[in-house]
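Data first, discussion second: the structure below is written as C-alpha cells.
Numbering starts at 1 and runs along the sequence shown. First listed ligand is number 1; within each ligand, the first listed atom is number 1.
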Amino acid sequence: MEENKLTTNTPEKRQEILTAFEHRHATKGFDPAKKIPTEDWETILEAARLSPSSFGYEPWAFLLIENPQIKEELKEFAWGAINSLNGASHFIIALARKNVTAESAHVKHMVEDVFGLPFSADAPQTRMFKQFQTKDFDLNSERSLFDWASKQTYIPLANMMTTAALLNIDSCPIEGFDRVELEAYLSEKGLLDRSEFGVSYMLGLGYRSGKIPLKKRQAKETIFTTVV
Ligand SMILES: Cc1cc2nc3c(=O)[nH]c(=O)nc-3n(C[C@H](O)[C@H](O)[C@H](O)COP(=O)(O)O)c2cc1C
C-alpha cells in the first residue's frame, strides 16, 4: 500500500495538464513518416493497463494492429478509421468482454490469478457483484452486459489519449465502423473469439500532418451544476 503524500501543485503543472487537453484533437490527418518511439508507446499502453474498472474485473482486451494488409482490409468496414489507417503510427482495436457475470470463468480468473484470492460462489464479494449486476444496474441481458463492459473500455481510451497528449502524440478515437461486419472479419482472421469478446472502439495514434481546428465546447455554466 502506498501512502498519499500531499504535495503542493504548481501553476506550471496545472498548465501542463490543461495544455495537453487543449492540444488533443481527434486527428483527421496523420503524418505516415512519423513513428511513436517505443518508450512513449509503452507508456500509453501502461496507462491503459492501469485503468480502473468496475469491481476491478477489467472486462477488456486490445488488439495492437501492426499488419499492413489487415490495416488495408479494415478500411472496408471502418469508414471512421480511414484517416488513421492511412497514416497513424499505431492502431488499436479495443475489445469488450461478453458475459462477465459473478460466476463466469473470467471473474474466477481475476479473483484467483490476478487478485490472488480464493474464489467462491458464496463469498460476500461474489454475492455483492451478483446483486449489483442483476438488481442495481439491471444487467440481465447479453446486450446490457456487453454494453456495461464496453462502457468500461472507454476509461483506458481516455487515459491513452490523455497520456498521448501529454507526450505530444496525437490520436483519434473511432466508432465509425460496422460492428457486425468488423467482428466477422476479425473472427475469420482468428483475431476475435465472438463468444468471448465484441469490438468496442478503435484508436489511431501518431502525429498530425496539418493544422487542427479550434476546439469548441459548451460553456462551464451549461454543464456543471453545483449543489450546495
Ligand atoms: C467515442 C468516440 C467515437 C468517435 N468516432 C470517430 C470516428 O469514427 N472517426 C473520426 O474521425 N472521429 C471520431 N471521433 C472524434 C469526434 O468527432 C471528436 O472527438 C469530437 O468532434 C470533438 O473534437 P475533438 O476531439 O477534436 O476535440 C470520435 C470520438 C469519440 C469520443
>> Under 3.5 Å between any N/O of N83 and any N/O of ligand 1: does that happen in this structure?
In response: no
> Parallel, tilted or perpendicular: which fits the ring planes of W41 and H90, with parallel below 30° and perpendicular above 60°?
Replying inline: tilted
>> For Q152 versus W60, what's the shortest heavy-atom pair and its separation?
In response: O-CZ3, 3.5 Å
> What is the closest protein heavy atom to atom 23 (O) of ligand 1, and at what distance does it sit?
Replying inline: R217 NH1, 4.1 Å
> For ligand 1, which atoms sit closer than 4.0 Å to a heavy atom of R24?
Replying inline: 24 (P), 25 (O), 27 (O)
> By number and element, which atoms of ligand 1 are closer than 4.0 Å to a non-hydrogen atom of G80?
Replying inline: 7 (C), 8 (O), 9 (N), 10 (C), 11 (O)
> Got the closest protein heavy atom to atom 8 (O) of ligand 1, with its distance?
Replying inline: G176 N, 2.9 Å
>> Could you tell me, atom by atom, which parts of ligand 1 come under 4.0 Å of a heavy atom of A26?
In response: 15 (C), 18 (C), 19 (O), 24 (P), 25 (O), 26 (O)
>> For a quick check under 3.5 Å, do D193 and S195 share a side-chain donor-acceptor pair by atom type?
In response: yes
> Given Y201 and I174, is the side-chain contact (heavy atoms from CB on, under 4.5 Å) satisfied, shown in steps?
Replying inline: CA-CA 6 Å; Y201 59 81; I174 298 150; over 6 Å; no
> Just wondering, more than 12 heavy atoms not from E46 lying within 6.0 Å of its CD?
Replying inline: yes
> Hey, looking at atom 4 (C) of ligand 1, which of A78, P173, C172 has the closest heavy atom?
Replying inline: P173
> Going through the checks in order, is the side-chain contact (heavy atoms from CB on, under 4.5 Å) test met by Y207 and F30?
Replying inline: CA-CA 5 Å; Y207 297 91; F30 286 94; 5.7 Å; no
>> Show me which atoms of ligand 1 lie under 4.0 Å from any heavy atom of H25.
In response: 26 (O)
>> Parallel, tilted or perpendicular: which one describes the rings of H106 and H109, with boundaries at 30° and 60°?
In response: tilted
> Looking only at non-hydrogen atoms, which of E175, M202, K28, M161 approaches atom 5 (N) of ligand 1 most closely?
Replying inline: E175
> Which atoms of ligand 1 are found less than 4.0 Å from any heavy atom of K215?
Replying inline: 24 (P), 27 (O)
> Of all the atoms in ligand 1, which lie at a distance below 4.0 Å from a heavy atom belonging to Y154?
Replying inline: 1 (C)
> Are any of the protein's heavy atoms under 4.0 angstrom from atom 20 (C) of ligand 1, yes or no?
Replying inline: no
> Applying the salt bridge (Lys or Arg N to Asp or Glu O under 4.0 Å) test to D170, which of R24, R208, K28 qualifies?
Replying inline: R208
